[in-house]
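Have a look at the structure below before the remarks.
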Amino acid sequence: MEEYNHKKIESKWQEKWQELDLYETPDNPDPDDARYVLGMFPYPSGSGLHVGHVESFAGTDVYARFLRMQGKDVLFPMGWDALHPRERTEETIPVFKDQLNSLGLSYDWDREINTSKPEYYQWTQKLFTTLFEEGLAEKKPDTVNWCPGCQTVLANAQVIDGECERCDTEVEDKQMDQWFFNITEYADELLEDLDDLDWPESTKELQRNWIGRKQGARFSFPVHDTTTRRFVVLHGYKSGPKKHFHPWLKDKLEATGNEVIVPELPNPDNPDIEEQVAYVKDNVELTEDTILVGHSLGTIVAMKLLEDLDQRVKTTFLVAPYVDTDFADGKTRGYEDTTDWEFDTETIRENAGQLINLQPADDTSISDQQYQRAKDKLGGHWETIDVNKPHAKAEIEPALFSRIGNEVSVFTTRPDTLFGVTYLAVAPDTTWIENLIEFPELGLKNREEVQNYVQEAKAKSKDESREAEEKTGVRLEGITVKHPATGKQLPVYVADYVLSGYGTGAIMAVPAHDERDFEFAKAHDLPIKQVVAPVENELDADYTKLEDPIMERAANGVITRKKDNKILVQILKMDGEDTYKLPGGRADDGETIKEALIRELDEETGFRFNQVREQLGSFAVAYSRSLEKGSNSEPHIRVKRAFLVSTEDADDGQLVSEDYEGNLRHEWMEPEEAIKNIRNSQHFHNEADIVETFINDSPSTDEGIVVHADDFSGLTSDKAAEKITEAFGEKETTYNLQDWSIGRQRFWGAPIPIVYDPQGDPHPVPEEHLPWTLPEDVDFEPTGEPPLAKSEELFERTEEIFGEGWTPEIETMDCFVDSSWYFLRYPDPHNDENFAGKDALENWCPVDMYVGGAEHAVLHLLYARFITKALADSGEIDFREPFSSLRHQGMVLAEDGTKMSKSKGNVVNPNDVVDRLGADTLRMYELFAGPFSESFDWDTDSIAGPRRFIERVWRLVHEHKPELTSVQEPPESATYMHQTVKKVTEDTTEFNFNTAISALMEARNTMHDKERVTDDSLSVFLRLLAPFAPHATEELWHEFGPGGSVHKQDWPEFSPQAVEAESVEMAVQVDGTLRGQITVDKNAEKADIIEQAKADDNVANNLENKTVTRTIFVSGELVNFVTE
RNA sequence: GCCCGGGUGGAGGAACUGGUAGACUCGGGGGAUUUAAGAUCCUCUGCUUUAGAGCGUGUGGGUUCGAAUCCCACCCCGGGCACCA
């Protein structure tokens, strides 16, 4: 017998398989049997393949081979996520490829792709232009890390302690236009479609959190102004007082106490500007208190009006202003000749008062260039505002109202706490704050102080402000806002714990129920108002379903002793167990709650207090039954109150320590201990929250029963939130997900296929000029400037194709863009008409089984899902999710449990292992080491197991010298082999390779008993093993088989009858403890089995002198005799 | 802090939907073979214990005839998010 020699076998078969094209993908797969198996493609680093890669490659390969043997048509490709400059990848890729081949992986190399090649990235660029045309790719302002020294944008990783890694200059935040993919447009779909995916639950959860959808409400807090303001609003072309946002704006302004005039300008559909100006002059009085608002054409009317006004107005808002007739859509309006388009800007500015220009973002009628000309001519203050429709033509334009009407709007996820708002806080870097500083008319009294704070806050890093001991902020003196429900005036703060980028950049602060607001309120001595009572739920039912809580006239007291700060706890014996609670009780008729508390404390503890002090708060108990005799026993909720009482307030009372025939006593306890005991007592858990709130000085953030909230008191948080939102605000949803910034100032990557015309407007590079190649005349070493900016070739190329004055985009795309669609290329990798042909996509997509590291759980997988949806919407593909099933492989750690790294010298090179022990052993070792998705520590000793196993199989076959045939099913009598087929088939389907392998080992152990091995079972066994150890099984099949490759054989099947053994072992228990084992026939009757169980010696012993009251019988498992 | 995973012999890990805990593998002990070592084969291997048994799945409670598995509270480890209102 020849020894097992992996070296000889493995290279031999790898060559043969290649010669035979064994793994060619079928061109016309059967639609029902087509399977697309894909492992995430690697980045071909210079250091070569790592043992960590091997597990996922081996797992996908086993799975692909398994499917092929099951008769599936399988697409199993591989490629390279090559972000290096081309020269270097051309050296590293062959090394990687050799390493992969040495593992015996069954890729179809005819479909290899490489993202750094123009043949690939032209389709990445096509993807970009497709998204651009769909409005999903756009350039918009974003805050970037700017290094003034290098005059360049820095990635987060290049900023070290707030300084530039290259020149140590302090890095600034700067607003710059950046390219984005608008992934947020798909936020809802990306979230909702997760439910149907066969993905690891943890990964789905990670994506859900990343998307971070939160339902809540928006509330508006009008800024208090002592004088009634007078607005004159001039509408635009084809508009009028009843059109667009005008009715809504009028309502909103009037509701906050203003006077509003919206004159109906003559001939709105065919206007004459001079006529409209004259109409306003004759019919509307413009006074020094007037706030003049013009929208669109109304801004022209306003300007002409201001030109020859003989006094000034208070403020002028120009919404979407312009100064010439060169519209973005190229059309004419018809009113162009009705005025001269000359503007006396000096007089306009003089008479306009504060001149505020509001420029709607993404305007379709007025181009950015036209706005720029208006800006140059008019001056004044300019702001960009987010609008609901381009040119601010929607019926509701909240941004307009919040600016013109001067209100602060906030987003909250807890509308139920609206009545607990005691102040507002606004982020420092908001236009609202900037305006307050800039315009004294807005009434801010401490402008200098606020300005200083804002500057400090901007200079501070995020971490600095977060880690600050106290939350900082400055009160806006002279500014108050009106609470939308109570009408009370509230102070407003600028505070850096509020983020400008989330929600509206302002918050309603509820110190009693929010940690951060609580901290801030403590630091700035602001009131804290409890509006939600925590609920102890004694019910099995969901308390939030209960209606109408009872506002109980009852109270408990937290009695503190000044000398040692201990608090008094009442200990009640209930059902023989000590139950801890606070002393207190219910009010009698005619008694106030405070009086009742004083009386109860006296009765129960012996302390007589003259008064109770500060109320700690309310709490609620949800009862499943009534505590009172005779009252209704329906489940209900009672809300009680707690007060702080100090023994200093007591008369010379004596503590009563025992009462109620020894069932009640009192004890002074350390607060911590008291909280612990109360919390552990089943009945009064909620009282601990109250004590804790007092002791720890912390807010209670849980939902509960709303209190101190007018008509809403007594509602559960859920219901109160709904009703309060309805009454005072609007429903709103926010997301954590941000748009995907794709521009990179790097050399490697696909150039963004955009060119700018001489006016600076972007245009996509037409398809015939793709690939829009990366220039070759620049150095890619980092210097500061984007490398492409220095390419003469790129600039010349652009002017040559598009004309003089045209310039190229000089950024490249994030490499995640390449990898977010690559799986669409494999089905048709050589197509030069499109990224893939329709038929090929239909044949194979989406990917049936995708395998990769959990580190890609969010970005890559989310981006790929987004791109798939975007392409589906543009009609390129007809499926909306890229990966039907997903599995993660775990990490392979070094023997010491740390990450393998060159510096630690603990890296295991897969080449060495293949060389020493063979690819089959390495594959099986990694798959056997534990569950596929879990990490494991490399263990040199344990590798011996799989190696020995293969050797044992080798010997077993050689010793038995079988004549192998391609039988489908094991012999009927070989129960163990039917069980093995079942287990290996099921486990491999589920990616449970470790248990599949252990089943194979068990089968080998069984066959090691010479009585039980047959030619047919060996044939079945080798085919089950083939996906795991492809080389060794191929060699054995070659030697003893009927000819052909083992990998072309059919996967064995099992018979469900033959899986069941003739006889089965059953456990016999007495009172749940194992006392014996019996072997019973598979068809035996229950009664007979019980008799047999009783007859067992040890069981009989244990049953002696006992009466069996119950017998538990679980077929095929156990018999349990329960005695008295 | 919040959200996910996870905690089982000396080690990796198994255990269906609540039903004999520790499959399979490594390591270790003993034996056979060998001049010897290695390899191979046989055999034992959760802990305590004299038998019989008792104790055992991070800790403490609970539900159940029966809990690694379900419930409550807590501890520890890994991952993700984080002034996200």
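Keep in mind that this is a model prediction, so the values were computed, not measured.
Mapping A:Val858 and A:Pro946 onto RNA chain B by nearest heavy atom places A:Pro946 at the nucleotide closer to the 5' end.
In this entry the distance linking NE2 of A:His856 with C1' of B:G79 reads 15 Å, nearest Å. Whole-Å rounding puts the A:Gln979 CD to B:A23 C1' distance at 13 Å.
At least one donor-acceptor pair closer than 3.5 Å links the side chain of A:Gln889 to the backbone N or O of A:Gly853. With hydrogens and angles disregarded, no donor-acceptor distance shorter than 3.5 Å links the side chain of A:Tyr423 to the backbone of A:Pro511.
Applying the side-chain hydrogen bond (donor to acceptor under 3.5 Å, both in side chains) test to every pair with at least one member in residues 930-939 of chain A, sequence neighbours left out, gives these pairs: A:Asp939-A:Ser942. A salt bridge (Lys or Arg N to Asp or Glu O under 4.0 Å) check over residues 504-521 of chain A, counting only residues at least two apart or in different chains, returns the pairs A:Lys471-A:Glu519, A:Asp514-A:Arg516. Annotation: salt bridge (Lys or Arg N to Asp or Glu O under 4.0 Å) contacts involving residues 988-1002 of chain A, sequence neighbours excluded, are absent.
Pairing for B:G22 is absent, with no Watson-Crick or G-U wobble pair whose two atom distances lie under 3.5 Å. In a base pair of the Watson-Crick type (N1 to N3 plus N6-O4 or O6-N4) or a G-U wobble (N1-O2 and O6-N3), with each distance short of 3.5 Å, B:C81 is matched with B:G1. Using N1 to N3 plus N6-O4 or O6-N4 for Watson-Crick, or N1-O2 and O6-N3 for G-U wobble, each under 3.5 Å, B:U17 pairs with nothing. Shown here, B:C47 forms a base pair with B:G54; the pair counts as Watson-Crick or G-U wobble because both key distances fall under 3.5 Å. Both distances falling under 3.5 Å, in either a Watson-Crick or a G-U wobble arrangement, place B:U40 opposite B:A32.
Spacing of C1' atoms, B:A21 relative to B:A67, comes out at 11 Å, to the nearest Å. With C1' as the reference atom, B:U48 and B:A37 are 38 Å apart, rounded to whole Å. Separating the C1' atom of B:U69 from that of B:G19 is a span of 11 Å, rounded to the nearest Å. Across B:C71 and B:U49, the matching C1' atoms stand 36 Å from one another, rounded to whole Å. To the nearest whole angstrom, the two C1' atoms, one in B:A14 and one in B:A82, are 38 Å apart. The separation of B:G18 from B:G13, taken at their C1' atoms, amounts to 22 Å, rounded to a whole angstrom. Remark: the separation of the C1' atoms in B:G6 and B:U57 is 13 Å, to the nearest Å.
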Under-3.5 Å N/O pairs linking protein and nucleotides 50-53 of chain B:
from: B:A53; atom 1: OP1; to: A:Asn1098; atom 2: OD1; distance (Å): 3.1
from: B:A53; atom 1: OP1; to: A:Asn1098; atom 2: ND2; distance (Å): 3.1

Protein-nucleotides 41-48 of chain B N/O pairs closer than 3.5 Å?
from: B:C42; atom 1: OP1; to: A:His1008; atom 2: NE2; distance (Å): 3.1

For nucleotides 69-72 of chain B, list the nitrogen or oxygen atoms of the protein found under 3.5 Å from its nitrogen or oxygen atoms, one pair per line.
none

Contacts under 3.5 Å, N or O only, protein and nucleotides 13-21 of chain B:
from: B:A14; atom 1: OP1; to: A:Asn994; atom 2: ND2; distance (Å): 3.0
from: B:G19; atom 1: O2'; to: A:Glu1117; atom 2: OE1; distance (Å): 3.0
from: B:U20; atom 1: O2; to: A:Gln1077; atom 2: NE2; distance (Å): 2.2
from: B:U20; atom 1: N3; to: A:Gln1077; atom 2: NE2; distance (Å): 3.4
from: B:U20; atom 1: O4; to: A:Glu1065; atom 2: O; distance (Å): 2.9

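Shortest non-hydrogen contact noted between A:His888 and A:Phe932 is O-CD2, 3.5 Å. Nearest approach of A:Ser717 to A:Asp416, heavy atoms of both residues: OG-OD2, 2.8 Å. Nearest approach of A:Ile950 to A:Ala1032, heavy atoms of both residues: CG2-CB, 4.0 Å.
Environment of NZ in A:Lys204: crowded, with over 12 heavy atoms of neighbouring residues, nucleotides or ligands closer than 6.0 Å.
A glycosidic torsion no more than 90° from 0 defines the syn conformation; B:G58 lies beyond that range and is anti.
A:Arg948 comes within 4.0 angstrom of the backbone, heavy atoms only, and of no base. Within the 4.0 angstrom heavy-atom criterion, no nucleotide atom of any strand lies near A:Asp937.
By the side-chain hydrogen bond (donor to acceptor under 3.5 Å, both in side chains) test, A:His978 pairs with no residue at all, sequence neighbours left out. Qualifying salt bridge (Lys or Arg N to Asp or Glu O under 4.0 Å) partners for A:Asp1071, counting only residues two or more places apart in sequence or in other chains: none. Under the rule for a side-chain hydrogen bond (donor to acceptor under 3.5 Å, both in side chains), A:Asn5 has no partner lying at least two apart in sequence or in another chain. In this structure A:Tyr502 satisfies the ring pair (Phe, Tyr, Trp, His ring centres under 6.0 Å) test with no other residue, sequence neighbours excluded.
The six-membered or imidazole ring of A:Phe993 lies near that of A:Phe991, with a centre-to-centre distance under 6.0 Å.
Between B:A85 and A:Lys214, a contact under 4.0 Å exists linking OP1 or OP2 to a side-chain N or O. For the OP1/OP2 pair of B:A85 and a distance below 4.0 Å, the side-chain nitrogens and oxygens of A:Arg516 include no atom meeting the criterion.
Closest approach to the A:Thr412 side chain among B:C24, B:U40, B:A85 is made by B:A85 (side chain taken as heavy atoms from C-beta onward).
Near RNA chain B, meaning a heavy atom under 4.0 Å from it, residues 731-741 of chain A has A:Asn736 in order of number.
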